[in-house]
*Asks:* 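One structure, pasted below without further comment.
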There are 2 protein chains.
Amino acid sequence: MIPAPDELSPVDGLAQLSFLVHGTLERLASEHGMSITQARLLGVLRDRTPTMKEVGRLLGLDKSSTTGLVDRAEARGLVARVPSETDRRAVRVHLTDDGRSLVSQVAGRFEREISTVLERLRPRDRDTLSRLVSRVLVAHAADHGIDLFSGINVD
Amino acid sequence: MIPAPDELSPVDGLAQLSFLVHGTLERLASEHGMSITQARLLGVLRDRTPTMKEVGRLLGLDKSSTTGLVDRAEARGLVARVPSETDRRAVRVHLTDDGRSLVSQVAGRFEREISTVLERLRPRDRDTLSRLVSRVLVAHAADHGIDLFSGINVD
DNA sequence: TATTGTTATACTCTATAACTATA
DNA sequence: TATAGTTATAGAGTATAACAATA
């Protein structure tokens, strides 16, 4: 009989961790009647008032997909379109009060749930993990010309 | 002016890492004309020949969603339904040769791409990261009665 | 002419409810 | 009666192509 491994391969570990985190966000969003995409939309609007085109770039969506996404969020009263003051073709998307309240709730629960998972490590190990994860992300972002803290490509 | 942080918060780091890994899988699957769901279906069939009900449980889908998923994969010649030998209501789903070849290709590319990202760390740090990730996953799995190596709930 | 955004259309993914065949 | 699976239907999410308004 083959002994069970007591550790996953590095890639398998990252894959499973990624599904765990992604699944957590999906569950929390769904508890508030949202998909991950809707949650991400509200998330990027927390500190921006982008045009439709910029929303699409931030979320990696075609402009037609963005139209539908914002339509549905607007119908629920979570976001609003306002005409751009500088370009009469463009609109800016911003959170409503309801949208801001909802995204804060979901973000808070996400923070708490992931923290709970991390608390299974001793504080020292937690710091080490966090530092190594940051280092991987920083290196990868540098390789691909991405601003890690805004998510915006700075090519 | 606020100085830019040189490290993300632990939760932000995990979230971004998770999107990086998930996005990589999504891109690789899409390069082969598949969604993540299709890739996961082929993945779970690599070492199993489950019934439709079991496929749904493994992927977290309703039985009707499973029917459609398997329909589309079968239409592409990636999987096949075979009647169960013990229960005439049930069918077993298995990979075709084409399906096995496709999933091996995608899995190989995923392994290589994620390994490339990890190679930005020194071998020593890589081992540490991998060990800590495994430890988090093992603890979380134990908390939730999940067999980490099969993904199957053993409640 | 180029850009911003919407509309028309089509396909995947997902769920609920109703149904068929078998246990 | 209960279970395995499919079908009917509906909605979200995605893309491509064609279009209108504006730059």
*Asks:* Looking at DNA chain C, which of residues 86-94 of chain A put a heavy atom within less than 4.0 Å of it?
*Replies:*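 Only A:Arg89, A:Ala90, A:Val91 qualify.
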*Asks:* Could you list the donor-acceptor pairs under 3.5 angstrom formed by side chains in residues 63-70 of chain A, with sequence neighbours left out?
*Replies:*
{"unit_1": "A:Ser64", "atom_1": "OG", "unit_2": "A:Asp62", "atom_2": "OD2", "d": "2.8"}
{"unit_1": "A:Thr66", "atom_1": "OG1", "unit_2": "A:Asp62", "atom_2": "O", "d": "3.0"}
{"unit_1": "A:Thr67", "atom_1": "OG1", "unit_2": "A:Lys63", "atom_2": "O", "d": "3.2"}

*Asks:* How would you list, by chain and number, every residue that makes a side chain to side chain donor-acceptor pair (under 3.5 Å) with B:Ser30, sequence neighbours excluded?
*Replies:*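 Partners of B:Ser30 by the side chain to side chain donor-acceptor pair (under 3.5 Å) criterion come out as none, since no residue qualifies.
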*Asks:* Select base, sugar-phosphate, or nothing to describe what A:Arg40 touches, counting heavy atoms under 4.0 Å on all strands.
*Replies:*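 Since no nucleic acid heavy atom lies under 4.0 Å of A:Arg40, the category is nothing.
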*Asks:* Rounding to a whole Å, what distance do you find between B:Asp71:CG and C:dT12:C1'?
*Replies:*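 Spelled out: CG on B:Asp71 to C1' on C:dT12 is 12 Å.
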*Asks:* Using only atom types and a distance under 3.5 Å, with no angle test, would you say the side chain of B:Thr49 pairs donor to acceptor with the backbone of B:Arg92?
*Replies:*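 No, the answer is negative, given that no donor and acceptor are paired below the 3.5 Å cut-off.
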*Asks:* Once you round it to whole Å, what is the distance between P of C:dA23 and NZ of B:Lys53?
*Replies:*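 That distance rounds to 16 Å.
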*Asks:* Suppose we screen for side chain to side chain donor-acceptor pair (under 3.5 Å). Which residues come up paired with B:Arg135, at least two apart in sequence or across chains?
*Replies:*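 Here the qualifying residues are A:Asp125.
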*Asks:* Would you mind reading off the distance between A:Glu54 atom CD and C:dT3 atom C1', rounded to a whole angstrom?
*Replies:*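 Result: 13 Å.
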*Asks:* Could I get the full list of ring-ring contact (aromatic ring centres under 6.0 Å, His included) partners for B:Phe19, not counting sequence neighbours?
*Replies:*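 For B:Phe19 the ring-ring contact (aromatic ring centres under 6.0 Å, His included) partners, ignoring immediate neighbours, are A:His22.
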*Asks:* In whole Å, what is the span from the CZ atom of B:Arg76 to the C1' atom of C:dC11?
*Replies:*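 Atom-to-atom, B:Arg76 to C:dC11, this comes out as 13 Å.
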*Asks:* Partners of A:Ser35 by side-chain contact (heavy atoms from CB on, under 4.5 Å), sequence neighbours excluded?
*Replies:*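 So A:Ser35 forms a side-chain contact (heavy atoms from CB on, under 4.5 Å) with A:Thr37, A:Gln38.
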*Asks:* Please give me every residue in residues 19-30 of chain B whose heavy atoms get under 4.0 Å of an atom in DNA chain C, ordered by residue number.
*Replies:*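 Under 4.0 Å from DNA chain C: no residue of residues 19-30 of chain B.
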*Asks:* Without decimals, in angstroms, what is the distance between B:Met52 CE and C:dT22 P?
*Replies:*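 From B:Met52 CE to C:dT22 P: 17 Å.
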*Asks:* For the residue pair A:Leu118 and A:Leu129, what are the closest heavy atoms and their distance?
*Replies:*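 Distance-wise, the nearest heavy atoms are CD2-CD2, 3.8 Å.
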*Asks:* What pairs meet the salt bridge (Lys or Arg N to Asp or Glu O under 4.0 Å) rule with one or both residues in residues 77-87 of chain B, with sequence neighbours excluded?
*Replies:*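 Residue pairs passing salt bridge (Lys or Arg N to Asp or Glu O under 4.0 Å), neighbours aside: B:Asp71-B:Arg81, B:Glu74-B:Arg81, B:Asp87-B:Arg89.
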*Asks:* Whole-Å distance between C:dG5 C1' and A:Glu74 CD?
*Replies:*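 Value for this atom pair: 13 Å.
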*Asks:* What residues, two or more places apart in sequence or in another chain, satisfy side-chain contact (heavy atoms from CB on, under 4.5 Å) together with A:Ala107?
*Replies:*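 Applying side-chain contact (heavy atoms from CB on, under 4.5 Å) to A:Ala107 gives A:Arg46.
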*Asks:* Keeping to residues at least two apart or across chains, list the salt bridge (Lys or Arg N to Asp or Glu O under 4.0 Å) pairs with something in residues 17-40 of chain A.
*Replies:*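 Listed once each, the pairs are A:Arg27-A:Glu31, A:Arg27-A:Glu113, A:Glu31-A:Arg109.
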*Asks:* Along nucleotides 10-17 of chain D, 5' to 3', which nucleotides get a B, which get an S, and which get a -, given that the test is a protein heavy-atom distance under 4.0 Å?
*Replies:* --SBBBBB
*Asks:* State which residues pass side-chain contact (heavy atoms from CB on, under 4.5 Å) with B:Val44; sequence neighbours excluded, sorted by chain then number.
*Replies:*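 Counting only residues at least two positions away or on another chain, B:Val44 forms a side-chain contact (heavy atoms from CB on, under 4.5 Å) with B:Arg48, B:Leu58, B:Leu59.
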*Asks:* Using a 4.0 Å heavy-atom cut-off, does A:Thr51 contact any base of the nucleic acid, only the sugar-phosphate backbone, or nothing at all?
*Replies:*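 If one applies the 4.0 Å heavy-atom cut-off, A:Thr51 turns out to touch the sugar-phosphate alone, with no base involved.
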